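Note that this is a predicted model, so its numbers are computed, not measured. Each chain gets a letter, A, B and so on, in the order its sequence line appears, and its residues count up from 1.
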Amino acid sequence: MRQLFKCYMAFTGNLYRILCLLICPAIIILVYGVIRWKIGENMAYGFSITCSFLLVEVIGNYLLSGGIASKQTEKLFYLKSSAKGEEILRNAMVADILRRFFYFVLELLLAVVISEILPENGRGSAFGKDGGISVFLGLLFAGYFYGTIGIMATRLFDSFRVAISVLGFLFFLASINCRFLYLNTPSYSIAVVYLLLSIVASICSIYIVTRRFLGVPR
Amino acid sequence: MEFQNVIYGTKIEKKFKGFCLDIEELRIPKGFATALIGENGAGKTTLLNILSGIRLNYHGKIQYFDEQVENVEKVKDRLGYTSPGSFFLPQWTIPQIGKISSLLFDNFDRDKYQELCRDLAISTKGIKKTVNSLSDGNRMKLTLATVFARDTECLLMDEPASPLDPLMRDKLCGMIREYIEEGNGANSALFSTHNITDMENVIDYAIIMEHGKIAEQGFVEDLKEKYILVKGNTEDVAAAKQHMYSFSESSYGFEGICLAKDLDKLAGLDISREVPSLFQISVAVMKMSSVLR
């Protein structure tokens, strides 16, 4: 675990850490608090926190390693010139996956805590209704899955336009997910489906970069 | 001249659309600086990428160092590879590269790296600059700082001189020379270059490539004995031309490279002989098979 953390820290600069790991998550929680307090709408809550998470993670990852696995790239050459390059790159990606999951859980939990602390504004608490936990898990794994897909896309393409387009598409998917979770009878099965998809997407995101790193074997 | 090889390869082959790297035998002498010379698209970068282990999809056999190590992964710590262009992730900062290099290479000396960054004046406006904010020249200097901060035995450098100014090229020659001398015969360098004149004082051995094949190779002093620069008058043009290896004429006369073994055939002509520079030899060899005339 220490090695994973060391590799991740080596790949991230101070500016990224301050902005994407400290300031932006704090803003997400704050924005949620305002939405919850002023609007009091559960669906807006779910949608806003998922989109904020996607925005920070996808754009942050684009700034950190955008196009790292794009075709015709030389960006991996320095890592390739070392025998440890593949291991260090993989460690950094695994650490990022774990960090992202931990961050989204933390953001959602803090959001829930805030929703319980703030005045209800006549709408009731976010997870007080039946199936609140399944809504929580549905948001968590869906957001995490979309985030992984977005990050995979930014690693494959250099273009900022592509990153923004992918982000827009993911916002659309997130809105559908939120509507589904809040308008239908919540079920754990949707969370399980997204959990499985998240695992597959995480494995694919590592596989694609590693494959590009190694090139076609002899 | 007999020599040990730092890298020895046989039947190295890599096919692309419209291009094929096809090297029957490659010998990189140990303890010397070797230049890889050739036209654009001759296969220099492909060869260096294969030798450094960046490109693995090729056919052939390559051996490294005395131990006859065939797996490049086992010797990557002993090789110092540099490439032009986006060698690092553009978002990386200069200190971050030091940190990552410490993880990547056991023999990386971070203090030496910082010292080299200062000595080479990579960034005068603050060390926290990112790679994409550096000029091509400074990016190459940064690449050189990472490779010279390591304890390696063989440098593999792709076009290290191209983005550098003349002063820095001179410094690079000094750095390569110092690296070779420090190794007491154990350190070697292989670099591709188009700046033959600027780099000539550091080149011991030259490999001239054309269309993916080695057209000529040898120690510079041997090549300078094999090829002779011949100059003559206009009246001898017709007689000399047929025996010359490369030939160019003007209103003042002719000039070209002649193989030393063919020099006797020019006997009786009013010619002057000179020792050619490596640049002149390289151009003559390249002209023989180039589509450019």
Side-chain angles (χ1 to χ4, degrees), chain A residues 2-20 59-93 95 154-155 158 160 163 209-218, chain B residues 13-14 45 48-62 71-108 128-132 142-143 146-147 150 152 156-158:
Chain A
R2 200 178 157 200
Q3 192 60 23
L4 291 182
F5 182 71
K6 212 172 161 184
C7 294
Y8 179 73
M9 293 303 271
F11 272 83
T12 53
N14 287 337
L15 189 67
Y16 172 85
R17 282 182 227 151
I18 292 166
L19 272 176
C20 297
I59 299 300
N61 194 77
Y62 176 81
L63 297 174
L64 193 68
S65 58
I68 195 173
S70 63
K71 270 190 176 181
Q72 306 297 332
T73 190
E74 293 172 343
K75 287 176 184 171
L76 292 171
F77 272 22
Y78 190 54
L79 297 172
K80 270 182 162 184
S81 69
S82 161
K84 290 183 192 167
E86 186 195 346
E87 184 197 338
I88 286 167
L89 182 65
R90 189 181 288 132
N91 281 347
M93 286 191 293
T154 57
R155 283 177 183 164
D158 276 315
F160 186 67
V209 179
T210 313
R211 176 88 180 152
R212 183 73 74 212
F213 181 91
L214 294 173
V216 184
R218 218 190 298 187
Chain B
E13 196 182 293
K14 170 68 194 160
T45 298
L48 280 167
N49 286 350
I50 288 172
L51 297 179
S52 60
I54 300 288
R55 185 175 283 284
L56 297 171
N57 50 342
Y58 67 92
H59 296 287
K61 203 174 169 189
I62 301 171
N71 186 354
V72 68
E73 292 300 318
K74 288 180 184 168
V75 294
K76 272 185 174 174
D77 251 11
R78 296 162 74 184
L79 299 172
Y81 173 74
T82 72
S83 143
S86 41
F87 188 58
F88 304 111
L89 276 185
Q91 303 87 340
W92 285 353
T93 59
I94 297 169
Q96 200 182 345
I97 288 170
K99 205 187 282 180
I100 289 170
S101 301
S102 306
L103 285 175
L104 288 172
F105 303 102
D106 293 333
N107 53 10
F108 182 80
K128 295 260 173 184
K129 274 187 125 180
T130 54
V131 172
N132 60 352
L142 185 60
T143 309
T146 57
V147 87
R150 287 171 54 206
T152 58
L156 300 170
M157 299 190 281
D158 190 6

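Between A:Ser82 and B:Leu104, the shortest heavy-atom distance links the atoms OG-O, 2.7 Å. Closest non-hydrogen pair, A:Phe11 versus B:Ile100, comes out as CA-CD1, 4.3 Å. When every heavy atom of A:Ala83 is checked against every heavy atom of B:Glu73, the shortest pair comes out as CB-O, 3.4 Å. Between A:Ala10 and B:Leu103, the shortest heavy-atom distance links the atoms CB-CD1, 3.4 Å.
Only the backbone of A:Leu64 comes within less than 4.5 Å of a heavy atom in chain B; its side chain stays farther off. Neither the backbone nor the side chain of A:Tyr16 comes within less than 4.5 Å of any heavy atom of chain B. Contact annotation for A:Leu15: neither backbone nor side-chain heavy atoms come within less than 4.5 Å of a heavy atom of chain B. Looking at B:Ser101, both its backbone and its side chain come within 4.5 Å of chain A, counting heavy atoms on both sides.
Annotation: A:Tyr78 is in aromatic contact with B:Phe88 [ring centroid separation under 6.0 Å].
To the nearest 0.5 Å, the span separating CG on A:Asn14 from CD on B:Gln96 amounts to 8.5 Å.
Applying the salt bridge (Lys or Arg N to Asp or Glu O under 4.0 Å) rule to pairs touching residues 94-108 of chain B yields A:Lys84-B:Asp106, sequence neighbours excluded.
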(request) Please step through side chain to side chain contact (heavy atoms under 4.5 Å, CB included) for the pair B:Ser52 and A:Phe77, ending with a clear verdict. (result) CA-CA 10 Å; B:Ser52 60; A:Phe77 272 22; over 6 Å; no
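Judged by distance alone, with hydrogens and angles left aside, the side-chain atoms of B:Lys76 form a donor-acceptor pair with the main-chain N or O of A:Lys80 at under 3.5 Å.
With sequence neighbours left out, the side-chain contact (heavy atoms from CB on, under 4.5 Å) criterion links A:Tyr62 to A:Thr154, A:Phe160, A:Ala163.
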